[in-house]
Amino acid sequence: MGHWGWLIAIYLFLGGLGAGAYLASFAAEKGLLGKKTNLDRLGYVVSGPIVAFGAFLLIFDLGQGLKKPWLIINMFLNFSSVMTWGIYILSAFICVAFIKAFFLWKKRQAPAVISYLGAILALATAAYTGMLLAVVEGIPFWNSYLMPVVFVVSALSTGLSLTSLLAHFFEKQQVHEMRVSQVHLGLVATEIVALAAFFALIYSGSQGTIAKISANMLLTESLSIPFWLLLVIIGLVGPLAFYLLQARSNKKVLLTSGDQNSALNSERGGIGLLLCDGAVMVGGLTLRCLIIFAALPVWNGILS
Amino acid sequence: MSTNKQVTLSRRNVIKGGLLLGTVAAISIMPIKVLKAEETVKENTTVKTKKQIGFSYDEGKCIKCESCVRICQETYQWESDTPWRRLLKNDKGNALSMSCNHCADPACAKVCPVKAYSKRDSDGIVIHDASKCVGCGYCLYACPYHAPHIQKKTGAVSKCHFCYNLQDTGSGPRCVGVCPTKALTIGDMKELSKKGNLDYKGLPSSKITNPSMIIIPKA
Ligand code: SF4
Ligand code: SF4
């Protein structure tokens with residue numbers, strides 16, 4: 001059986017995180033995260049380096065490739081391998097993200113085609129991290145078309161969190177748009193639904209008994225503590241509750257004052273929001289690790 | 001004027017957004033479709049037209065001497081925890097000598113990013129070229145039979161190659177040659193598949209890779 005572990009999990013996480021950060025800044029730039037925003041730059045800036053670092057980590061997981069790195073260039077060769085697709089997608093994304101960041105640094109408007117190309121490649125990067133696992137028929141737990149869906153939603157969510165966190169610490173202009181929390185609420189809710197559907201599909205039996213045993217490991221057995229604590233409570237339900245409360249109290253403010261003043265929200269949002277963003281990222285990393293660790297082969301190699 | 005412009009702009013944004021979403025859907029759903037389609041095509045054509053040799057294991061004849069495993073190790077010097085051939089046994093007295101099954105639909109070859117695997121047209125043998133392998137481990141997950149292993153010393157994968165070099169000079173594989181009771185034999189899959197398959201005792205469904213091996217269970 002395989003030997004994938006932490007490095008691959010972190011690589012998949014960073015791939016999604018970088019892609020999500022790019023998309024967060026892209027959304028902010030397009031005005032989808034509120035009229036006033038400070039999220040429209042840092043996501044772009046960090047996305048390339050994060051994905052590049054993730055890809056760099058992967059090299060340390062190679063057996064012979066680590067000793068003979070010139071062999072790695074051949075990883076562009078097999079078009080039927082999802083890993084090869086990933087190599088193309090990641091390289092292209094890293095290039096475009098660096099170009100976009102270069103324009104930001106020069107304080108010039110990047111050509112629209114660059115921004116959009118980057119956004120498409122970011123989505124492809126996030127989807128690829130799930131596809132890599134989803135096409136493996138030898139691991140029934142991974143072999144689900146909902147796997148890329150879960151990974152893409154988680155990538156968007158963690159990317160938005162990272163960008164918000166960075167903006168809080170590194171942007172001079174501080175704005176807190178209710179819109180960001182609303183979007184994040186939507187993302188976390190979607191991720192919960194997608195994850196629930198993922199497990200429902202497995203327990204429906206469509207992927208066989210081995211997939212169910214993997215799922216049991218997460219829900220009730222050896223991996224259940226990180227699953228429920230780090231992923232579900234800290235990474236999903238906690239942020240969901242927080243964003244819900246925020247949306248609620250914001251409504252009240254709206255009713256009483258009758259005007260959506262973003263400064264008002266920032267007081268209450270502050271530290272809670274930061275914790276929330278951190279928690280979302282902890283959940284995202286936990287998700288990747290758990291999925292990798294719960295892999296069981298379709299056949300355990302012994303005669304029954 | 002300005003309102004007009006805004007309207008068109010936002011509509012264009014909507015269209016672009018739609019395109020983005022479409023791409024993501026295509027990226028995540030297409031490969032599964034493509035890969036599945038590829039399989040059915042292969043199943044319908046290649047398998048039946050191209051020649052494919054395979055192993056046959058007659059459980060009733062096997063005396064569990066493990067000569068097949070030993071000769072393979074002596075010849076190819078694989079590390080003991082990364083075996084090319086194993087004799088599987090359970091406590092009910094069943095046995096199965098198994099290596100790589102040189103599948104008609106090799107999952108290993110499909111996932112390997114560097115094309116280290118090749119499948120010969122002449123006889124369907126799946127050969128792994130260790131000098132190309134980067135050791136990413138993807139094929140270890142893809143192969144349902146645990147045939148490829150990463151050798152500790154080299155960091156590269158190795159697996160059974162059906163003694164293709166011996167077969168090219170007219171003799172058979174070492175394991176088959178050494179088997180004292182002829183429990184392990186080889187043949188053309190067109191004939192062998194009439195006598196059996198590999199769906200046996202918890203082994204994975206042969207639909208995944210179409211293995212070129214049959215087992216004749218003991219009575
Ligand atoms: S048994 Fe495994 S390694 Fe051998 S051809 Fe089939 S999928 Fe590939
Ligand atoms: S470990 Fe080697 S043979 Fe297996 S998929 Fe990776 S590069 Fe190919």
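A, B, ... follow the sequence lines: proteins, then strands. Residue 1 opens every chain.
- Heavy-atom distances place the backbone of B/Ser131, and not its side chain, under 4.5 Å from chain A.
- Ranked by heavy-atom pairs under 4.5 Å with chain B, the list A/Ala126, A/Ser304, A/Gly86 is led by A/Ser304.
- Each of B/Ala107, B/Gly135, B/Ser205 has some count of heavy-atom pairs under 4.5 Å with chain A, and the biggest count is that of B/Gly135.
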Let me see the working for A/Glu137 and B/Lys110 under salt bridge (charged side-chain N to carboxylate O under 4.0 Å, His left out), right down to the final yes or no.
-> CA-CA 11 Å; A/Glu137 279 182 274; B/Lys110 202 184 284 172; 5.1 Å; no
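- Using a 30° and 60° split on the angle between ring planes, B/Trp84 and B/Tyr76 fall in the parallel class, below 30°.
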What's the verdict on salt bridge (charged side-chain N to carboxylate O under 4.0 Å, His left out) for A/Lys100 and A/Glu29, showing C-alpha distance, side-chain angles and the deciding distance?
-> CA-CA 12 Å; A/Lys100 177 79 193 176; A/Glu29 193 182 64; 3.2 Å; yes
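- Comparing A/Gln64, A/Met83, A/Lys68 by how many heavy-atom pairs each has under 4.5 Å with chain B, the most go to A/Gln64.
- For the set A/Gly138, A/Gly31, A/Gly301, the count of heavy-atom pairs under 4.5 angstrom toward chain B peaks at A/Gly301.
- With a threshold of 4.5 angstrom between heavy atoms, B/Ala156 approaches chain A through its backbone and through its side chain.
- Between A/Lys67 and B/Lys152, the closest heavy-atom pair is NZ-O, 4.3 Å.
- Both the backbone and the side chain of B/Leu203 come within contact range of chain A, with heavy atoms under 4.5 Å apart.
- Ring-plane geometry between A/Tyr116 and A/Phe26 is classed as perpendicular, the angle between the planes exceeding 60 degrees on a 0 to 90 degree scale with a lower cut at 30.
- Taking the six-membered ring where tryptophan is involved, the planes of A/Tyr22 and A/Tyr44 are perpendicular, since the angle between them exceeds 60° and thus also 30°.
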